[in-house]
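For clarity, every value in this text was computed on a predicted model and none was experimentally measured. Chain naming here is simple, since letters A, B, ... match the order of the sequence lines and numbering starts at 1 in each.
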There are 2 protein chains.
Amino acid sequence: MKEYSAKILLVDDEPDILEIVGYNLKNEGYQVFTAANGDEAIKKAKKKKPDLIILDVMMPVMDGMEACEKMRKMPELEHTIITFLTARSEDYSMIAGFDVGADDYITKPIKPRVLVSKVKSLLRRKLQVEEIAANSGSTKLGDLVIDHDQYKVFLRKEELVFPRKEFELLSLLTSQPGKVFKREEILETIWGVDVVVGGRTIDVHIRKLREKLGDDSINTIKGVGYKYVK
Amino acid sequence: MKEYSAKILLVDDEPDILEIVGYNLKNEGYQVFTAANGDEAIKKAKKKKPDLIILDVMMPVMDGMEACEKMRKMPELEHTIITFLTARSEDYSMIAGFDVGADDYITKPIKPRVLVSKVKSLLRRKLQVEEIAANSGSTKLGDLVIDHDQYKVFLRKEELVFPRKEFELLSLLTSQPGKVFKREEILETIWGVDVVVGGRTIDVHIRKLREKLGDDSINTIKGVGYKYVK
DNA sequence: TGTAATTATAAGGTTAGCTTAAGGTTAAGA
DNA sequence: TCTTAACCTTAAGCTAACCTTATAATTACA
């Protein structure tokens with residue numbers, strides 16, 4: 001499942017930090033590159049096009065702020081996440097960091113566990129932004145993407161809004177494409193055994209689904225029920 | 001992204017319990033390890049680093065209380081959830097349990113279905129808390145900057161004041177932008193498993209957030225929950 | 001072609017959530 | 001400790017979205 005391993009550029013003038021943080025990140029399966037100052041960082045960033053850059057603020061030759069500012073202007077790094085590394089409680093530098101285009105901010109002293117989970121969450125967020133699908137709880141059926149976590153449905157990249165009952169009905173039908181769900185079955189699953197609703201209620205919801213999906217994906221089997229076909 | 005299956009350490013001196021509970025948990029896809037007394041539990045916990053430990057109170061060699069107390073002091077188990085297993089109505093043992101650092105307790109006789117759903121909710125809660133912890137330092141989401149270390153929030157450079165509950169709620173929602181958090185989930189994460197507050201409490205806090213953030217960043221999914229969108 | 005089932009449309013009813021305000025609780029400061 | 005202010009929770013009425021029903025039109029199949 002981990003087909004793609006993210007590239008991370010780690011920039012700090014202290015070899016110790018490079019070593020320990022680098023070790024932990026590699027351990028998680030990331031590709032790690034390092035640089036010791038801003039100048040070097042820019043060169044490497046250009047060459048490697050990392051997904052994430054972790055940048056110490058205080059460095060000789062060219063400090064983090066300046067490097068960040070420059071990198072932010074490079075079109076090939078447009079989608080790269082840049083996060084600063086700084087000593088705690090320097091408020092002003094945090095704001096300044098965001099000003100020059102940083103996305104995030106990590107305070108020293110660094111705790112490897114915390115840093116690793118932070119990196120994970122940043123990269124996950126990036127993925128989510130880049131690719132709506134490709135995510136955990138989502139199902140793809142041709143043009144249709146159903147994201148169960150986000151309660152969202154996309155048809156050819158366009159988002160459709162489904163209220164709860166409609167969403168549940170669609171989820172049910174698409175859970176086994178091609179299978180015919182009997183009316184009775186649908187009622188039990190979505191409305192529950194004890195809830196009694198009129199026989200026409202299902203039809204109306206089916207109609208709403210068809211309206212939004214465009215007509216031919218839900219078939220009627222007369223006298224029995226409905227099925228989803230892609 | 002969801003290939004990780006949680007590790008659970010199950011500790012009880014009755015083989016029957018180990019068997020039946022273990023079976024049910026494995027069935028749900030968890031990795032289950034077992035131990036028959038506190039001593040053994042500590043050793044296994046150290047080696048396996050489980051996400052969750054289910055610990056019987058009454059055991060020979062070393063009882064649950066003592067084991068819990070010791071495990072709580074081990075840094076590698078810092079993020080592990082410990083829940084007790086106790087005969088009903090031994091109130092005092094429940095209190096004592098929380099004293100020695102337990103997170104929750106389950107009463108006997110055990111109903112597998114109940115236990116499984118409790119386990120699920122504990123693990124889910126743990127995941128969310130970790131996700132929030134990963135955001136230590138500060139984070140930028142569009143115009144919004146959240147400083148988790150200092151409990152501060154800035155919207156377009158202006159500082160906004162969020163009391164504790166509001167801050168936690170905002171942290172949770174922003175920890176995974178786009179994800180829908182169910183009301184139930186929110187309650188568990190922010191108010192805790194055992195705290196019971198009325199259903200309208202969430203709404204009111206959401207409203208306060210919206211008031212401060214300006215309206216469209218928190219969406220309602222009726223019948224389900226809320227999500228933060230950039 | 002006739003009948004039963006489904007579809008279309010619109011109009012109520014219901015429920016979840018929003019809003020506001022007030023009471024209770026906790027925490028901070030004198 | 002007492003006072004005060006901030007915060008949290010609850011309550012109640014209101015609104016709007018959603019769900020269900022009713023009815024008429026249409027379709028599928030014997």
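Side chains of B:Glu131 and B:Ser175: a donor-acceptor N/O pair is absent below 3.5 angstrom, by distance only. Side-chain contact of B:Asp149 with A:Thr107: a donor-acceptor pair under 3.5 Å is present, judged by distance alone.
Between A:Glu211 and A:Lys222, the residue anchored closer to the 5' end of DNA chain C is A:Lys222, taking for each the nucleotide with the nearest heavy atom. Residue whose closest nucleotide on DNA chain C sits further toward the 5' end, between A:Gly225 and B:Tyr226: A:Gly225.
Using modelled atom types, one side-chain atom of B:Ser5 and one backbone atom of B:Gly29 make a donor-acceptor pair closer than 3.5 Å.
Note on A:Thr220: only backbone sugar-phosphate atoms sit closer than 4.0 angstrom, heavy atoms only; bases stay farther off.
Listed by residue number, B:Pro163, B:Arg164, B:Lys165 are the residues of residues 162-175 of chain B with a heavy-atom contact under 4.0 Å to DNA chain D.
Ring geometry for A:Tyr105 against A:Phe98 counts as tilted: the plane angle lies between 30° and 60°, on a 0 to 90° scale.
Checked against a 6.0 Å centroid threshold, the rings of B:Phe167 and B:Tyr151 count as neighbours.
Once you apply a 4.0 Å limit to the heavy atoms of chain B, the touched nucleotides of DNA chain D run 5' to 3' over D:dC7 to D:dC18.
Among the nucleotides C:dT6, C:dT20, C:dC18, the one closest to any side-chain atom of A:Arg183 is C:dT6.
Computed from C1' positions of five pairs at each end, the angle between the two local axes of the helix from C:dT1-D:dA30 to C:dA30-D:dT1 equals 40°, rounded to 10 degrees.
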